[in-house]
Amino acid sequence: MMIIGVIGPETSLKILRKKSAQFSVQLMPLAYRDFHETIKLIEENERKCDALLFTGQTPYLYATSLLQPAVPWDFMPRNMLSTMCALVKAGLKYKNRIQNVSMDGFDDEIIEEIREELKGTEESVRLYNTRFDIMAEDYFQRVVQYHAENYRTGRADLCVTGLEKIYEKLRAMGIPSIKTGPNFSLLQQKLQFLLLRHQITAAERNLPAVVAIRPEFRLSREMHMHNELQTLRLQAQIGESVYYFAQHLGGAVFQTDATDYYVACDLRTLMAETGDFTGLSLLRMPFRNPCLDKISAGIGIGYTAREARYAADKAQQRSRKTPASCCYGLDERGHFFGPISLSDDPDAKGLFNENLRQISVQTGIGIRSLSKIEQALLQYRTDTVTSSELARYCSLSLRSMNRLLQKLEEFRYLVVLGKEPQDAAGRPRRVLRIDLRYHD
């Protein structure tokens, strides 16, 4: 049976123990009093486990900044359900109307979701959230001081935190507080994902993959002088985003300097988490920050980790030539693929693909149709197909696809390699090679 080490405070592990009989894996509880103790727990127990699961994001980010995983790691993020449950518990516990809430360490997306859910209530609830550097020596003192100041000045009548030590300190000070706890359904999902990843890795050898990520800042002298603090915050946000991305891949993060990141993982997990390379939306970057010019990323696949990193660097060099944020890939055969969108924002998706825009103008094919064809070839990691296969991949009729292919052939974006016989009676199908790189 797979063994998953679960790292968290005793109160969270106590809840998980009650549910352990319902899981198809063996849980190894690894309790800490202070999340700084996670390093020692990992060093002593990681090799005894097939994977590690952190009950919170803060200890995970702290551990990944100091250690490289020897087994897959994952964590349970603070989600809207667990936070809303905490707010309900607080209302029952303190029996007063909650109008102002002081919070720490929550993602902006969660805060916005909670605000949306609370719309339409009798009185609006104001949420105040902050995030401090978890590597700072005075991290706990700063978070406690932040909550205490909000309560003392009347800015908050309830404090919500995910850290046991902070919760206990606030309670000792007589400040109304509540701690978010692990969500059972989310726990099931995380355990199932770790189990599936373990089974895939054990069943078949994977190729190593590396994702190279380079943020490029606007560093004019004027911006540096007036926005130095904002740039530092931006760098911290980018670092958090990279570690968040890496944890979903069960990968290791390393840096060559202050801004270049590498995420080392395996090919199958990377393909699963990116929808077969159709998008890197998990890489949650602050694209609209005025101090950020763009993000250039490269995916490298190789037969060795060294080859994968070299391929990632080559792919990233191609991404840097584009005017906006994007990602290219270079596989183990030396074939480039992409560009791949780094954001779910439709504006970002349309902005960088100048290549398809030029082909669209040249051939008269709509950019949406070209994008469908490109994403299909990318998803199935091939440049050789038949017209019926491509029609199926793109969810188009064969007649519509043949019209598009006729135009691509006319402008030399398509080459007929040969013909293959059909199983039933009928004309042999043409085998096509498509290369959607713009040329005159």
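- Scanning for side-chain contact (heavy atoms from CB on, under 4.5 Å) contacts around Leu396 gives Lys372, Cys394, Met401, Leu404, with sequence neighbours left out.
- Not a single donor-acceptor pair under 3.5 Å links the side chain of Asp50 to the backbone N or O of Ile4.
- Partners of Arg437 under the side chain to side chain donor-acceptor pair (under 3.5 Å) rule, at least two apart in sequence or in another chain, are Asp435.
- Considering only heavy atoms from C-beta on, Asp260 stays 4.5 Å or farther from Ile213 through its side chain.
- Aromatic pair Phe106/Tyr128: ring centres not closer than 6.0 Å.
- With sequence neighbours left out, Phe254 forms a ring-ring contact (aromatic ring centres under 6.0 Å, His included) with Tyr262.
- In this structure Tyr32 satisfies the ring-ring contact (aromatic ring centres under 6.0 Å, His included) test with no other residue, sequence neighbours excluded.
- Note that the OH atom of Tyr310 and the CG atom of Leu330 stand 8.5 Å from one another [nearest 0.5 Å].
- Thr55 places a side-chain heavy atom less than 4.5 Å from the side chain of Pro9.
- In this model, a donor atom of one side chain and an acceptor atom of the other lie less than 3.5 Å apart for Glu46 and Trp73.
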* So Tyr62 and Phe54, side chain to side chain contact (heavy atoms under 4.5 Å, CB included) or not? Walk me through it. -> CA-CA 11 Å; Tyr62 179 76; Phe54 297 77; over 6 Å; no
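- In this structure Ser65 satisfies the side chain to side chain donor-acceptor pair (under 3.5 Å) test with no other residue, sequence neighbours excluded.
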* To do: Would you please test Tyr328 and Phe336 for ring pair (Phe, Tyr, Trp, His ring centres under 6.0 Å) and show each step?
  => CA-CA 7 Å; Tyr328 278 86; Phe336 282 99; 7.3 Å; no
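- At distances below 3.5 Å, not a single donor-acceptor pair connects side-chain atoms of Ser296 with backbone N or O atoms of Gln316.
- Residues Leu191 and Leu53 meet the side-chain proximity criterion, which asks for heavy atoms closer than 4.5 Å.
- Cation-pi geometry between Arg214 and Tyr261 is not met at under 6.0 angstrom from the ring centre and within 45 degrees of the axis.
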* Let me see the working for Val242 and Val263 under side chain to side chain contact (heavy atoms under 4.5 Å, CB included), right down to the final yes or no. => CA-CA 8 Å; Val242 171; Val263 178; 3.9 Å; yes
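- When the side chain to side chain donor-acceptor pair (under 3.5 Å) test is applied to Asp138, no partner is found at least two apart in sequence or on another chain.
- For the atom pair CG of Leu270 and CD1 of Ile299, the computed distance is 5.0 Å after rounding to the nearest 0.5 Å.
- With a 6.0 Å radius and a threshold of 12 heavy atoms from other residues, nucleotides or ligands, Lys294 has its NZ atom above the threshold.
- Remark: Gln141 CD is packed, more than 12 non-hydrogen atoms of other residues, nucleotides or ligands lying under 6.0 Å away.
- The distance between the ring centers of His36 and Tyr139 does not fall below 6.0 angstrom.
- A salt bridge (Lys or Arg N to Asp or Glu O under 4.0 Å) check over residues 23-44, counting only residues at least two apart or in different chains, returns the pairs Arg33-Glu168, Asp34-Lys165.
- Here the side chain of Ser177 pairs a donor or acceptor atom with the backbone of Ile175 at under 3.5 angstrom.
- Remark: Tyr146 pairs with no residue by the ring-ring contact (aromatic ring centres under 6.0 Å, His included) rule, at least two apart or across chains.
- Take Arg320 and apply the salt bridge (charged side-chain N to carboxylate O under 4.0 Å, His left out) test, not counting sequence neighbours, and it matches Glu216.
- Put simply, the side chain of Leu436 reaches to within 4.5 Å of the side chain of Ile359, judged on heavy atoms.
- Taking the side chain as every heavy atom from C-beta outward, Ile373 and Leu390 approach each other to under 4.5 Å.
- With sequence neighbours excluded, the residues satisfying ring-ring contact (aromatic ring centres under 6.0 Å, His included) with Phe75 are Tyr60.
- Residues meeting the side chain to side chain donor-acceptor pair (under 3.5 Å) test with Arg306, sequence neighbours left out: none.
- Put simply, the side chain of Asn100 does not reach to within 4.5 Å of the side chain of Leu158, judged on heavy atoms.
- Residue pairs that meet the salt bridge (Lys or Arg N to Asp or Glu O under 4.0 Å) test with at least one member in residues 54-76, sequence neighbours left out, are Asp74-Lys190.
- Side-chain atoms of His147 and Ile166, non-hydrogen and from C-beta on, do get closer than 4.5 Å to each other.
- Side-chain contact annotation: Thr161 with Asp104, donor-acceptor N/O pair under 3.5 Å present.
- Side-chain contact check for Thr11 and Glu164: at least one donor-acceptor pair (N or O, by modelled atom type) lies under 3.5 Å.
- By the 4.5 Å heavy-atom criterion applied to side chains, Leu207 and Asp266 are not counted as neighbours.
- Within the model, atoms CD of Gln99 and CG of Leu127 stand 12.5 Å from one another, a figure rounded to the nearest 0.5 Å.
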